[in-house]
Amino acid sequence: MNKITIGNSRLESSRFIYGCMRIAGDNSASDRDKGKIAIQTALDNGYNHFDHADIYGNGECESLFGELLAEKPSLREQIILTSKAGIRSKSNEHNSYAPKRYDFSQRYLINSVEASLKRLNTDYLDMFLLHRPDYLFDVEEVADTFALLKASGKVRHFGVSNFKPSQFDLLQSKASMPLLVNQVEINIHNIDTLLDGTLDQCQQHNITPIAWCPLGGVAYSAWGNTFTPEDESRIAQELAQQSKKHNCSPWQIALAWLLKHPANICPIIGSTTPERIIAAKQALALDYSREDWYRLLEARNGQPVP
Ligand SMILES: NC(=O)c1ccc[n+]([C@@H]2O[C@H](COP(=O)([O-])OP(=O)(O)OC[C@H]3O[C@@H](n4cnc5c(N)ncnc54)[C@H](OP(=O)(O)O)[C@@H]3O)[C@@H](O)[C@H]2O)c1
C-alpha cells in the first residue's frame, strides 16, 4: 500500500486508514469475530494506521482492538493508533439531566485518553484528535492539556476533527506542537471542505486531511443527505460510466475522486467486509484524470462549473 507522511511528522501512514467505528458491530460474538477478521485483513493488506474514538461502540471497538494487541504485543510498534475524544453522551449527573454535549475540559480529555489507553492495551497513542469542536472550548486550557499529555508520553502527536479553518488556527496559535491532521467528512456528496477553506489550509500548512465516510451516499444513504432522486441518479450514472471505463466498481471511483485532490487526502475505509477492505486498494492505481474529476463534480452539481 502507498505510504504518506502525516503532516510535519515522521509518521509514515498507509494512504488508506482503517476505520474502527464498526468493528464491534452489535457486540455479539459473531460481530466481534467479524471485526477481528476485518482488522487482520487490513493488516495483511498494508493498512498500518487505525482510527478509533472513545465513543465507537461505547468503547467496545477500542476494547476489541486491545484484545488483538494483547494477543500480539509486537504489533504495537508496527502500527499508528489514532483515537479521539470530546463528545459526551447524554447522562444523569448528580440527579440532573446532562444532554449530549462536547467537552474539551482538561479533566475530561485526560480521563478519556487514559480510558482509551486502558481499553486499547497500550501506553501511548500515536495521535489524539479532538472529535468535534466544543463551542465552549477554552484554547489555553486545551493547549495546556495537549502539553501535559505529550509530556506524560501518553500521546505523541495531536490533531483535530471536524474543525473549521478558523478553529484550527485558533488552537494552533496556542498549541506548543504542530497539529498534524484535520479529520473531516469528504465525499462526492459532501464537498464542504473544498469550499470553506479547509483543504486550502491543509495544503498551505502541510496538514493531512483525513476523510471520514469517504463513500458517503455512494455506498449507503448518508445522514444529512438532501440530494433528490434525480441528483442521485445523475451521480450514479456518471459513476457507472467511469467505472466501466476504468474497469472497477463505482465506489472505487468515489475513492479515486478523493485521491486526486492535491491536498493528499487520506480516506478512512470503514467497511468490515474483507473483500472491500482489499479491493479499496485498486483505487490507488487508477489513472484518474482532471476531466473525470470534473465530470463527476458536474454530475453532482447538476450543472457545469461557472
Ligand atoms: N471524525 C468523525 O466525526 C467521524 C465520523 C464518522 C466516521 N469516522 C471514521 O471514519 C471511518 C469511516 O467511516 P464510515 O465507516 O462511515 O465510512 P465508509 O467507508 O464510507 O462506509 C462504510 C460503510 O459502508 C458500507 N459499504 C462500504 N462499501 C460498500 C459497498 N460497495 N456497497 C455497500 N455498502 C458498502 C460498509 O458496509 P460493510 O461493513 O458491510 O462493508 C459500511 O457500513 C469510521 O470507521 C471512523 O473511523 C469519523
Side-chain angles (χ1 to χ4, degrees), residues 13-26 30-39 41-42 47 49-57 59-62 64-65 79-88 100 102 116 120 125 127-134 159-164 167-168 181-190 192-193 198 208-225 232 236 239-240 243 248-259 265-283:
S13 167
S14 47
R15 184 69 189 269
F16 287 145
I17 296 166
Y18 185 69
C20 296
M21 183 173 77
R22 303 171 194 271
I23 56 173
D26 64 8
S30 64
D31 275 11
R32 289 176 77 86
D33 285 348
K34 190 177 169 206
K36 280 195 174 170
I37 292 170
I39 298 164
T41 306
Y47 294 74
H49 187 168
F50 293 84
D51 182 70
H52 287 273
D54 55 352
I55 54 171
Y56 293 165
E60 288 301 333
C61 297
E62 287 183 331
L64 183 69
F65 202 93
I79 60 171
I80 297 171
L81 264 188
T82 290
S83 194
K84 307 185 274 297
I87 302 178
R88 298 184 72 166
K100 182 174 180 188
Y102 306 131
S116 287
L120 285 164
L125 291 176
M127 272 207 291
F128 171 62
L129 316 185
L130 299 171
H131 205 154
R132 273 188 183 276
D134 176 4
V160 295
S161 179
N162 302 304
F163 268 44
K164 292 295 176 201
Q167 295 163 327
F168 193 102
V181 307
N182 194 359
Q183 185 180 125
V184 282
E185 180 179 3
I186 325 176
N187 52 57
I188 188 60
H189 287 79
N190 184 344
D192 289 356
T193 56
T198 300
T208 301
I210 296 180
W212 60 264
C213 288
L215 303 179
V218 171
Y220 54 92
S221 181
W223 59 279
N225 184 348
E232 294 293 5
L239 284 169
S243 60
C248 65
S249 302
W251 63 274
Q252 291 164 324
I253 296 290
L255 291 176
W257 194 82
L258 296 180
L259 296 171
I265 296 169
C266 291
I268 316 182
I269 304 300
S271 171
T272 50
T273 306
E275 293 74 20
R276 290 180 185 148
I277 297 168
I278 299 167
K281 292 198 294 180
Q282 283 173 32

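Quick note: residue numbers are just sequence positions, from 1. Each ligand, and each atom within it, is numbered from 1 in the order the structure gives.
Using modelled atom types and a 3.5 Å distance limit, the side chains of Asp51 and Trp212 yield no donor-acceptor pair. No side-chain donor from either of His52 and Ser83 sits under 3.5 Å from a side-chain acceptor of the other.
When non-hydrogen atoms are compared, ligand 1 lies under 4.0 Å from the side chain of Arg276 (C-beta onward) but not from its backbone. When non-hydrogen atoms are compared, ligand 1 lies under 4.0 Å from the backbone of Ser271 as well as from its side chain. At a heavy-atom distance under 4.0 Å, no atom of Asn187 approaches ligand 1.
Annotation: Ile269 places no N or O atom under 3.5 Å from an N or O atom of ligand 1; distance criterion only. The distance criterion of under 3.5 Å between nitrogen or oxygen atoms is not met by Lys34 with respect to ligand 1. Considering backbone and side-chain atoms alike, Lys84 places every N or O at 3.5 Å or more from each N or O of ligand 1.
Residue contact check for ligand 1: Tyr18 places no non-hydrogen atom closer than 4.0 Å to it. At a 4.0 Å cut-off, not a single heavy atom of Glu185 sits close enough to ligand 1 to count as contact.
Using a distance-only test at 3.5 Å, with no hydrogens or angles considered, no donor-acceptor pair links the side chain of Asn187 to the main chain of Leu215.
Within the set Phe50, Trp212, Phe16, the minimum heavy-atom distance to atom 10 (O) of ligand 1 is found for Trp212.
In this structure, CD in Glu232 is found 3.5 Å from NE2 in His189, a value given to the nearest 0.5 Å. Taking CZ from Arg32 and NZ from Lys34, the interatomic distance works out to 14.5 Å, rounded to the nearest 0.5 Å.
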- side chain to side chain contact (heavy atoms under 4.5 Å, CB included) assessment of Gln183 paired with Lys84: CA-CA 10 Å; Gln183 185 180 125; Lys84 307 185 274 297; 3.3 Å; yes
- Stepwise side chain to side chain contact (heavy atoms under 4.5 Å, CB included) test for Leu120 and Leu125: CA-CA 9 Å; Leu120 285 164; Leu125 291 176; 3.8 Å; yes
- Task: Mind running side chain to side chain contact (heavy atoms under 4.5 Å, CB included) on Phe50 and Ile39 for me, showing each step along the way?
- Result: CA-CA 9 Å; Phe50 293 84; Ile39 298 164; 4.0 Å; yes
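The one candidate from Thr208, Thr193, Val160 that meets the side-chain contact (heavy atoms from CB on, under 4.5 Å) condition with Asn182 is Val160. Partner of Ile210 under the side-chain contact (heavy atoms from CB on, under 4.5 Å) criterion, out of Val184, Ile265, Ile268: Ile268 alone.
Set against the non-hydrogen atoms of Asp51, the atoms of ligand 1 under 4.0 Å away are 9 (C), 46 (C), 47 (O). Numbered from 1 in the order shown, with element, the atoms of ligand 1 that lie under 4.0 Å from a heavy atom of Cys20 read 45 (O), 47 (O). Those atoms of ligand 1 with a heavy atom of His131 less than 4.0 angstrom away are 1 (N), 2 (C), 3 (O). Within ligand 1, counting atoms from 1 as listed, the ones closer than 4.0 Å to a heavy atom of Asn162 are 1 (N), 2 (C), 3 (O). Residue Gly19 approaches ligand 1 through these ligand atoms, each under 4.0 Å from one of its heavy atoms: 45 (O), 47 (O). Shown in contact with Leu215 at under 4.0 Å from a heavy atom are these atoms of ligand 1, numbered in order with element: 20 (O), 27 (C), 28 (N). Each of the atoms 1 (N), 2 (C) of ligand 1 lies under 4.0 Å from some heavy atom of Ser161.
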